[in-house]
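Letters A, B, ... mirror the listed sequences (proteins, then strands); counts begin at 1.
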Protein chains: 2
Amino acid sequence: MAGVPRRVTIREVAVDSGLSIATVSRALTGSRPVGPEIAQRAQESAARLGYRTDSIGRSLRTQRTNTLGLVIPDIANPFFPSLVQAVERAARDQNLSVLIADAANDPGVEQAALRSLIDHRVDAVLISPSHLTASRAAITESMAAVPLVQIDRVIDNSLPYVRANQSRPVQQLVSHLRARGRRHFAFIAQPDTIATSFERESAFRELMTDVPLRVVSAETSAGSGRGAVRELMSRWPEIDAVICANDLLGVGALRELRTLGRAEVAVSGYDDTLIAEALGLTSVRQPVDELAVAAISAVLTPDMAATRRELECAVIFRESTG
Amino acid sequence: MAGVPRRVTIREVAVDSGLSIATVSRALTGSRPVGPEIAQRAQESAARLGYRTDSIGRSLRTQRTNTLGLVIPDIANPFFPSLVQAVERAARDQNLSVLIADAANDPGVEQAALRSLIDHRVDAVLISPSHLTASRAAITESMAAVPLVQIDRVIDNSLPYVRANQSRPVQQLVSHLRARGRRHFAFIAQPDTIATSFERESAFRELMTDVPLRVVSAETSAGSGRGAVRELMSRWPEIDAVICANDLLGVGALRELRTLGRAEVAVSGYDDTLIAEALGLTSVRQPVDELAVAAISAVLTPDMAATRRELECAVIFRESTG
DNA sequence: TTGAAAGCGCTAACAG
DNA sequence: CTGTTAGCGCTTTCAA
């Protein structure tokens, strides 16, 4: 890296202000009371010299970094940027920084990411696990080194979590559609190794115990959603409502139904990403800000090991379920 | 935060292995040669005790953090997650971590983010500035403290950058459409304080010097794209091709044109996000991986102050320009 | 090749 | 309220 001027140290501020290092430290951090004009002098010197506390030195001493690690399964999944945003906002309110790590949908990468965060000595880790089972080992291992809370996706109920109820929105969707005359439901699922997705699918299955069950699996992509719709409509042409495990699938479904001349079929997505609003796709909004706030306040409390929070989603009805 | 077991230090490894601290350090980092069986002993002890180098201690000593800061203008803009992903991959290949900071489209937040990164002593900063002019001050200020390179968006040619040419794709788009018989072009722009967007718009304007110029401004959202299309089509019903400054706008345009019964109008977006592929929207793919690799290799070289790299985009033709 | 010791910048314990 | 001093964990002179 290129050469950069050496930083001003607290020692230089002390010399400049004619105070001791300790006093300057106290004046700047406010950790203990200092005389008013002394404080003034310290602050003025610091400002004039352009002093900024070196967080490395501080962290070495305090054994805290004021940094949170956030592990997300896949930043390319449009839901997670909004979670990242929410966590950053909530963290900033607590004067915390966030180290973001993307697991790229790979538990191996996820494990490496966790280790890297721990090596960077983050004060706590928020993780949305990439895989229902394969993420377990790395999480257990990490918990020995750092406070950790599952956020949004939860793969182990015995470990701290902050989640959103994923069943209720599916129930609301179905009853809303039934009230409007829809009778023949289908569900396009993502891999059931995705915790939230598994719950959405289960909720749908439970609602269909008395009626024909129409579920088809897909990957997390619009293309896959199109294929799923083709399969559904050819097997069960009577379908009049398709519930999708996420927005990308919903977009694909919408498009393919139009192609098939079946645009009258109701479609819903999940996660309420930009794309849903853009296309008038009914979707489910997760309370990302509240999740973030709750998760951060959890890792900040001493008894965070007891954290089990469940929040509620909101169904956003749009034209696609007109 | 919850209580966590104290970490194993290098001192304990030294005691356990019967070696000196210095030797253990050398054996583990390979910074200097050590005797073969000595190395063996050190590594074995370290492994058995579960020792992991404390990066805080190391950083304080070495004055390096092996961490890069990446400032993006808006993580909610679907282009940036892909840039983040690319930078993380490229960084991982160099054993670097990435601290991501979202400017939330606000130069004030951006400035705070830069300071925070510098306070965290990142070794270098990659930034995609949020604003053509308002981002300047913070960047100039930061350059005094840390090597910095503009990535993708460049607002100051006199400072290091790694960018993608934004004009050529617009030229290609127009000539492709002309070759297929389109004659009446329009452009939906984003605020021209977005560096890349400004360049895209300028390219379009230059191509239209001999023909009627039809440009309308919009915000970065699908809803805004719809409104823009309504305005365009009412002012110039003869329009048969609409080029949009990004994919979100393109989606809105596509939808509104369908609503207006003008689905025959060609539409293109920009950035080639998931949404473009999902909807068959012609778009422009920026070389994010190459940008990331080039930016990182730039900040790693001593003469990075001289970095001026321009890469090429690829136009991805899809049904929307059928 | 190995070890002893200094010291990165900071905060906190201890004196005064 | 202020100053002196130790020491966080590590790497790297400097000596042997």
Side-chain angles (χ1 to χ4, degrees), chain A residues 4-43 45-46 49-67 95 118-123 145-146, chain B residues 4-43 45-46 49-67 95 118-123 145-146:
Chain A
V4 160
R6 210 182 39 68
R7 292 167 60 102
V8 177
T9 72
I10 198 173
R11 165 174 228 101
E12 301 173 59
V13 177
V15 170
D16 180 83
S17 62
L19 297 167
S20 77
I21 295 178
T23 302
V24 173
S25 171
R26 296 194 271 251
L28 265 30
T29 63
S31 60
R32 331 216 79 199
V34 294
E37 37 126 16
I38 299 274
Q40 175 78 16
R41 252 206 291 163
Q43 276 153 8
S45 267
L49 269 43
Y51 170 76
R52 310 229 77 203
T53 304
D54 184 327
S55 65
I56 305 290
R58 169 181 287 172
S59 290
L60 183 60
R61 180 62 235 231
T62 61
Q63 298 291 50
R64 301 185 75 256
T65 54
N66 293 313
T67 299
N95 277 306
I118 290 168
D119 286 348
H120 279 86
R121 314 244 25 198
V122 294
D123 294 330
V146 70
Chain B
V4 160
R6 211 183 37 69
R7 293 166 59 103
V8 177
T9 72
I10 199 173
R11 167 175 226 100
E12 301 173 58
V13 177
V15 170
D16 180 83
S17 61
L19 298 167
S20 76
I21 295 178
T23 303
V24 172
S25 171
R26 296 194 270 249
L28 264 29
T29 64
S31 60
R32 328 216 83 199
V34 294
E37 37 125 19
I38 299 274
Q40 175 78 15
R41 253 204 291 163
Q43 277 152 7
S45 268
L49 268 44
Y51 170 76
R52 309 229 78 201
T53 303
D54 184 324
S55 64
I56 305 290
R58 169 179 288 172
S59 290
L60 183 59
R61 179 63 233 232
T62 60
Q63 297 292 53
R64 302 185 76 256
T65 55
N66 293 311
T67 299
N95 278 307
I118 290 168
D119 286 349
H120 279 88
R121 314 241 28 195
V122 295
D123 294 331
V146 69

Exercise. Taking C-beta and beyond as the side chain, do A:N95 and A:N66 meet within less than 4.5 Å on heavy atoms?
Worked result: no
Exercise. Phosphate oxygens OP1/OP2 of D:dG9: is one of them under 4.0 Å from a side-chain N or O of A:Q63?
Worked result: yes
For this session: Work out which heavy atom in B:I118 is nearest to a heavy atom in B:A145; give both atom names and the distance.
Result: CG2-CB, 3.8 Å
Exercise. Bend across the helix from C:dT1-D:dA16 to C:dG16-D:dC1, to 10°, with axes taken over 5 pairs at each end?
Worked result: 40°
Exercise. Hey, does B:R58 have a side-chain heavy atom less than 4.5 Å from the side chain of A:D119?
Worked result: no
Exercise. Are OP1 or OP2 of D:dT2 and a side-chain N or O of A:T23 less than 4.0 angstrom apart?
Worked result: no
For this session: Could you state the atom-to-atom distance from NE2 of A:H120 to P of D:dG9 in whole Å?
Result: 18 Å
Exercise. With a non-hydrogen cut-off below 4.0 angstrom, is B:I56 in contact with a base, only sugar-phosphate, or nothing?
Worked result: nothing
Exercise. Okay, side chain of B:R41, backbone of B:S17: is any donor-acceptor separation there less than 3.5 Å?
Worked result: yes
Seminar exercise, completed: Separation between NE2 (B:H120) and CG (A:D54), nearest 0.5 Å, reads 11.0 Å
Exercise. Do the side chains of A:V8 and A:V13 get nearer than 4.5 Å, heavy atoms only?
Worked result: yes
Problem set entry | Where B:I38 and B:T23 come nearest, the two heavy atoms and their spacing | CG2-CG2, 3.5 Å
Problem set entry | A:R41 CZ - D:dC1 P separation (whole Å) | 16 Å
For this session: Please examine the side chains of B:T65 and A:I56, heavy atoms only from C-beta on, and report whether any two atoms are closer than 4.5 Å.
Result: yes
Exercise. Within this structure, what is the CG-to-C1' distance between A:L19 and D:dG3, rounded to whole angstrom?
Worked result: 10 Å
Exercise. How does protein reach along nucleotides 10-16 of chain C, written 5' to 3' as B (base within reach of a heavy atom under 4.0 Å), S (only sugar-phosphate), or - (no contact)?
Worked result: BBBB---
Problem set entry | A:V24 side chain reached by A:Y51 side chain, heavy atoms, under 4.5 Å | no
For this session: Starting from P on D:dC8, measure out to CD on B:E12 and report it in whole angstrom.
Result: 11 Å
For this session: Please state how far atom CZ in B:R121 lies from atom C1' in C:dC8, giving the value in whole angstrom units.
Result: 10 Å
